[in-house]
**Q** 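Mind looking over this structure? Questions follow.
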Number of protein chains: 2
Amino acid sequence: MPGYTPELIEISKNQTRCSECPIRHQTLFQGVKKEDLNLVQSYRTGQYRLKARQEIFLEAQNSQYLFSIYHGWCAIYKSLGNGKKQIIKIALPGDLIGFQSNIEAPLNYSAISLTDMVLCAFPRNEFTGLLNRNAFVLKRLMELNAREMNLCQNHLMAIGKNIAIEKISLFCAELFLRFHNIYQLPLTNRIFFPLTQVEIGDATGLTCVHVNRTLKTLSDMNLMDISARTLTVPDIDKLCKLGQFDAKSIHTYTLY
Amino acid sequence: MPGYTPELIEISKNQTRCSECPIRHQTLFQGVKKEDLNLVQSYRTGQYRLKARQEIFLEAQNSQYLFSIYHGWCAIYKSLGNGKKQIIKIALPGDLIGFQSNIEAPLNYSAISLTDMVLCAFPRNEFTGLLNRNAFVLKRLMELNAREMNLCQNHLMAIGKNIAIEKISLFCAELFLRFHNIYQLPLTNRIFFPLTQVEIGDATGLTCVHVNRTLKTLSDMNLMDISARTLTVPDIDKLCKLGQFDAKSIHTYTLY
DNA sequence: CGAGGGATTGAGATTCATCAATCTATGTGG
DNA sequence: CCACATAGATTGATGAATCTCAATCCCTCG
């Protein structure tokens, strides 16, 4: 089986070299010594551009690559049969996507871009080779997995809550904090936010109609507001409190 | 900080030696060569007994140990402030519990035994030493992490569904299949099942009252029945269908 | 035998999904 | 530049699903 190939467009010139990657410290390759970055780069197939709302890979299919997100956002999801989706996670720059227990097996989730993206591609069948050749990468992969678990657990807490306003508060508060963490920004009260209300529903297990009403309530309460692809949070502590989200747990996402 | 110490009772004699562990192939130490099992054992503090419904460790506290489950079941959960819990995962024999991104940091979840248990304890502060000294353990840890992710994602799908009967079907079907997988049993139609209805509710985001009513419906439909700490599933395929659970995904939990 | 945790049942209130219509912003082709 | 198509956002009405509160029952254990 040749594997599914998304509509990736290889960047023809001026690809970022791993040794000059500005976000290296938050990727799988954090900690790799300068002189070993050429090794990393030798495993990289290249950098690819992708438009918003395109499939990156599909559940149950094979994929040739693992991707490290260089730019943009995407959603990892599973399909539910009745046409619905469960969004597992929103992946941001630095995240590794497509890694799973049995690396050669068909994927057990799908990914779709939420913005235009740039992805660094690493061939699956050579990935364990890379792990074996550089202990830092292996160690860091373990850290990324553990971070994933933490995110997944928080997400579980969000959709396990029994009322919609708490689900959405927690979901958005976490993204808000992750965003600041990843982009290393001083705390502002607004972030870029490309998700539609349907997607917020797919992530939290609610219908888009109810998401809409709940967002209106949150906006009326002056706790958060989404408009024009921007999430505004006047007071993140209040939002965390409503979602019963421990903001400190976000610090464990970026390690050491 | 000395760290939280649960009421563990060290087994005084006839502790199982790692080299003779009957469930080694499904633990962190699958794949470790015979001659290296003494190394593993040298890192093990000992085997401990624990009664049902006891705390193993608590969120936000430090724990001296990581545990590999030798016998029994436990629940991993987060507390929600209002006295409620979100159960993240049911851990079964062979599972490693207490591992997280920053291994020395306070834990970000709690664990409570659901049955009497026997745990193998490994000191946290020496754990990375063990990983560095045996590549099989490191590789296997990665596999276990990936398996955890898979479980967590399935759990997300369960509680993301919009009706209770599907949530509970998926949750129980997964446990049913995991149980058979772990104990390597031929497919029977009943398994031991120690969870209370409150705990099923904590796992699926429902109240115990509604769990009760939904279980009655499922029983009336002859799809599954819980009584006397036994889960009976006349036709697992039907149950999976109702929960839209892909039974094949269970095979990815045990690797290679 | 009594105590207590878990299971069960009922009634009423709340939250949420569904269906359907409208509105708005954006982009596309002529 | 306009007409149109389309995706997303919004609103209303209705019924279903679920929660809450409360009472009762049942089983186990000391």
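Just so we're on the same page: letters track the sequence lines, and every chain starts at 1.
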**Q** In whole Å, what is the span from the CG atom of A:L206 to the P atom of D:dT10?
**A** 16 Å

**Q** B:T196 has a side chain; which of C:dG6, D:dC19, C:dC16 sits nearest to it?
**A** C:dG6

**Q** Are B:R190 and B:L231 close enough, and set up right, to give a side-chain contact (heavy atoms from CB on, under 4.5 Å), and what steps lead you there?
**A** CA-CA 5 Å; B:R190 51 181 50 198; B:L231 167 64; over 6 Å; no

**Q** May I have the distance from B:H210 (atom NE2) to C:dG10 (atom C1'), rounded to whole angstrom?
**A** 15 Å

**Q** Go through the steps for B:E59 and B:K78 under the test salt bridge (charged side-chain N to carboxylate O under 4.0 Å, His left out), then give the verdict.
**A** CA-CA 7 Å; B:E59 194 173 349; B:K78 291 201 186 211; 5.1 Å; no

**Q** Give the rounded distance in Å between these two atoms: CZ of B:F193 and P of C:dA7.
**A** 11 Å

**Q** Nearest nucleotide by nearest heavy atom, which residue falls closer to the 5' end of DNA chain D, B:T207 or A:I226?
**A** A:I226

**Q** Of the nucleotides C:dT18, D:dC19, D:dT10, which has the atom closest to the A:Q197 side chain?
**A** D:dT10

**Q** Can any side-chain N or O of A:T230 pair as donor or acceptor with the backbone N or O of A:I226 at less than 3.5 Å?
**A** no

**Q** From C:dA17, D:dT18, C:dC16, pick the nucleotide closest to the side chain of B:N162?
**A** C:dA17

**Q** Where the side chain of A:V209 is defined as all heavy atoms beyond and including C-beta, which of C:dA20, C:dA7, D:dC19 is the nearest nucleotide?
**A** C:dA20

**Q** Using whole Å, report how far NZ of A:K51 lies from P of C:dG27.
**A** 12 Å

**Q** Can you measure B:L218 atom CG to C:dT8 atom P for me and round it to whole angstrom units?
**A** 13 Å

**Q** By the 4.0 Å heavy-atom rule, please label A:G205 as base, sugar-phosphate, or nothing.
**A** sugar-phosphate

**Q** Would you indicate which nucleotide in C:dC16, D:dA9, C:dT18 comes nearest to any side-chain atom of A:N212?
**A** D:dA9

**Q** Starting at atom CD of B:E166, determine the distance to atom P of D:dT18, rounded to an integer number of angstrom.
**A** 10 Å

**Q** Checking the side chain of A:S219 only, and the main-chain atoms of A:D225 only, is there a donor and an acceptor separated by less than 3.5 Å?
**A** no

**Q** Would you please say whether a donor-acceptor pair under 3.5 Å links the side chains of A:E10 and A:Q15?
**A** yes

**Q** Rounded to the nearest 0.5 Å, what separation is found between the NZ atom of B:K241 and the OG atom of B:S169?
**A** 13.0 Å

**Q** Check the distance between C:dC16's P and B:K167's NZ and give it to me in whole angstrom.
**A** 10 Å

**Q** If I take atom CD1 in residue A:I200 and atom P in nucleotide D:dT10, what distance separates them, rounded to the nearest angstrom?
**A** 10 Å

**Q** By nearest atom, which of the nucleotides D:dA13, C:dT9, D:dT18 is closest to the A:R213 side chain?
**A** D:dA13

**Q** Any side-chain donor-acceptor pair under 3.5 Å between B:N212 and B:T214?
**A** no

**Q** Please round to 10 degrees the angle between the axis of the first five pairs and the axis of the last five pairs in the helix from C:dC1-D:dG30 to C:dG30-D:dC1.
**A** 40°

